[in-house]
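Okay, so here's the structure we're looking at.
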Number of protein chains: 2
Amino acid sequence: MSFSIGQVSEMTGLTTHTLRFYEKQGLFLEPIPRDSAGRRRYSDTQIDWIRIGGKLRTAGMPLPEIRRYAEASRDRSTAAETQLKLLQDHEKRVRSQLADVQHLLDLITDKITHHESR
Amino acid sequence: MSFSIGQVSEMTGLTTHTLRFYEKQGLFLEPIPRDSAGRRRYSDTQIDWIRIGGKLRTAGMPLPEIRRYAEASRDRSTAAETQLKLLQDHEKRVRSQLADVQHLLDLITDKITHHESR
DNA sequence: GTTTGACTTGGAGTCGACTCTAACTCCTAC
DNA sequence: GTAGGAGTTAGAGTCGACTCCAAGTCAAAC
């Protein structure tokens with residue numbers, strides 16, 4: 001079973017523009033095959049990957065890192081470990097952003113408490 | 001006590017370029033006063049705000065929202081509540097990014113566990 | 001057999017957030 | 001008094017991540 005770019009767009013929430021753009025950026029690694037008329041045909045496994053890539057994006061991972069993530073799957077024996085490391089690094093970044101926000105939240109709630117008890 | 005743009009740059013880690021850029025973007029709200037030669041002089045309270053703005057940035061908040069945060073401080077009676085809301089909204093976003101990463105981390109660690117137990 | 005609609009490409013345009021340049025003005029130190 | 005260094009401005013350039021455009025191809029429906 002294979003899907004057109006329009007179908008994949010519907011399935012993943014990425015626009016067709018973005019799908020072509022990601023392909024140009026080398027984010028897929030397995031090249032997307034074309035039918036006799038030159039149109040892209042996506043397989044299930046490619047769609048699975050696109051969904052993961054999309055999650056990585058919404059999670060704030062920059063494209064070059066997502067590319068590294070994709071490239072890691074080349075080497076079957078080290079893929080998961082490399083990807084784990086990329087994810088952990090990114091998790092650290094997001095966690096520190098969260099810590100920043102929470103620090104500011106503390107300051108603000110303190111301010112409000114003081115204001116109320118005045 | 002007031003400080004030059006170069007000193008503020010040192011103190012906050014933002015470049016002088018960025019400080020001028022943020023000012024153009026209306027991120028300060030209290031306008032930065034100039035000395036007799038037209039140079040910016042930052043007060044302590046302005047520096048305090050710049051530090052907060054910087055934190056908001058590294059926490060991933062976009063500039064328009066930081067502007068709203070700054071503008072909120074106009075109205076002394078509602079400032080803290082408005083800012084609290086902005087922070088909470090942003091916290092939600094960052095949390096959901098973190099959840100995405102953690103979901104992927106789960107998938108990967110599962111994959112590794114399976115691989116090891118094969 | 002032509003219209004319609006989904007696709008193709010290369011390349012241009014947009015937007016957010018900086019980052020840099022050019023030409024200029026001050027102040028301080030020698 | 002002039003050289004150096006830190007400022008000033010308006011505006012241009014960069015980079016990441018899309019987003020759109022023009023010109024064209026193809027298959028299916030009428």
Side-chain angles (χ1 to χ4, degrees), chain A residues 1-28 31-43 46-47 50-70 86 90 93-94 97 100, chain B residues 1-28 31-43 46-47 50-70 86 90 93-94 97 100:
Chain A
M1 193 125 259
S2 80
F3 302 89
S4 74
I5 194 167
Q7 291 173 311
V8 176
S9 171
E10 291 251 311
M11 295 161 78
T12 61
L14 300 172
T15 70
T16 58
H17 296 303
T18 302
L19 287 168
R20 295 199 194 92
F21 171 70
Y22 281 4
E23 186 177 343
K24 258 192 230 162
Q25 300 299 303
L27 262 50
F28 290 161
I32 312 289
R34 310 299 155 109
D35 66 11
S36 58
R39 283 166 304 194
R40 292 166 179 78
R41 305 262 65 193
Y42 296 82
S43 71
Q46 271 148 354
I47 291 161
I50 290 167
R51 283 196 219 275
I52 292 174
K55 280 279 171 204
L56 291 171
R57 259 325 273 125
T58 61
M61 189 181 277
L63 298 195
E65 226 152 306
I66 298 180
R67 177 165 37 248
R68 261 175 262 139
Y69 193 100
L86 285 164
H90 187 62
R93 280 201 295 275
V94 178
Q97 294 194 339
D100 280 355
Chain B
M1 193 127 257
S2 78
F3 303 90
S4 73
I5 195 167
Q7 291 172 309
V8 176
S9 171
E10 291 250 311
M11 296 161 79
T12 61
L14 300 172
T15 69
T16 58
H17 295 303
T18 302
L19 287 168
R20 295 201 195 91
F21 172 69
Y22 281 2
E23 186 177 343
K24 258 191 231 162
Q25 299 300 302
L27 262 52
F28 291 160
I32 311 289
R34 312 298 155 110
D35 66 10
S36 58
R39 282 166 305 192
R40 291 165 179 79
R41 303 263 66 192
Y42 296 82
S43 70
Q46 271 148 353
I47 290 161
I50 290 167
R51 284 196 218 274
I52 292 175
K55 281 279 172 202
L56 290 172
R57 263 317 279 133
T58 61
M61 189 181 276
L63 298 195
E65 225 151 308
I66 298 179
R67 176 165 39 246
R68 260 175 264 141
Y69 193 101
L86 285 164
H90 188 62
R93 282 200 293 275
V94 178
Q97 295 194 340
D100 280 355

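By convention in this document, chain letters (A, B, ...) are assigned in the order of the sequence lines, proteins followed by strands, and residues within each chain are numbered from 1. Computed from a predicted model, the values in this text were never measured in an experiment.
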_Integer-rounded Å distance: D:dT14 C1' and B:His17 NE2_ = 13 Å

_Verdict with supporting geometry, A:Gln97 and B:Thr58, side chain to side chain contact (heavy atoms under 4.5 Å, CB included)_ = CA-CA 7 Å; A:Gln97 294 194 339; B:Thr58 61; over 6 Å; no

*Could you give the NZ-to-C1' distance, from B:Lys24 to D:dT8, as a whole number of Å?*
11 Å

*Nearest-Å distance, CG (A:Leu63) to P (D:dC15)?*
15 Å

*Let me know the distance between CG of B:Leu19 and P of D:dT8, rounded to the nearest Å.*
10 Å

*Given D:dA17, D:dT9, D:dT19, which nucleotide is nearest the side-chain atoms of B:Arg40?*
D:dT9

*Does B:Ala37 or B:Pro64 map to a spot on DNA chain C nearer the 5' end, using the closest nucleotide for each?*
B:Pro64

*Specify the separation, in whole Å, of atom CZ of B:Arg41 and atom P of D:dG7.*
8 Å

*Does B:Glu23 reach the side chain of B:Arg40, with side-chain heavy atoms less than 4.5 Å apart?*
yes

*Hey, are A:Arg57 and A:Glu65 close enough for a salt bridge, meaning a charged N less than 4.0 Å from a carboxylate O?*
no

*For DNA chain C, whose closest nucleotide is more 5', that of A:Arg34 or that of B:Arg39?*
A:Arg34

*Could you check how far CG of A:Asp35 sits from C1' of D:dA28, rounded to whole Å?*
14 Å

*When rounded to the nearest 0.5 angstrom, what is the spacing between CZ in A:Arg68 and CG in A:Leu63?*
11.0 Å

*asked:* I'd like to know whether A:Phe28 forms a side chain to side chain contact (heavy atoms under 4.5 Å, CB included) with A:Ile50, so could you lay out the CA-CA distance, the side-chain angles of the two residues, the decisive distance to 0.1 Å, and finally the verdict.
replied: CA-CA 8 Å; A:Phe28 290 161; A:Ile50 290 167; 3.7 Å; yes

*Atom CZ of B:Phe21 to atom C1' of C:dC15: distance rounded to whole Å?*
11 Å

_Does a side-chain N or O of B:Tyr22 approach OP1 or OP2 of C:dA17 to a distance below 4.0 Å, or not?_
no

*When all nucleic acid strands are considered with a 4.0 Å heavy-atom cut-off, which category describes A:Arg20: base, sugar-phosphate, or nothing?*
base

*Within this structure, what is the CD-to-P distance between A:Gln25 and C:dG10, rounded to whole angstrom?*
13 Å

*Just to confirm, is there a sub-4.0 Å distance from OP1 or OP2 of C:dC7 to any side-chain nitrogen or oxygen of A:Ser4?*
yes

*With heavy atoms under 4.0 Å as the rule, sort B:Thr15 into base, sugar-phosphate or nothing.*
nothing

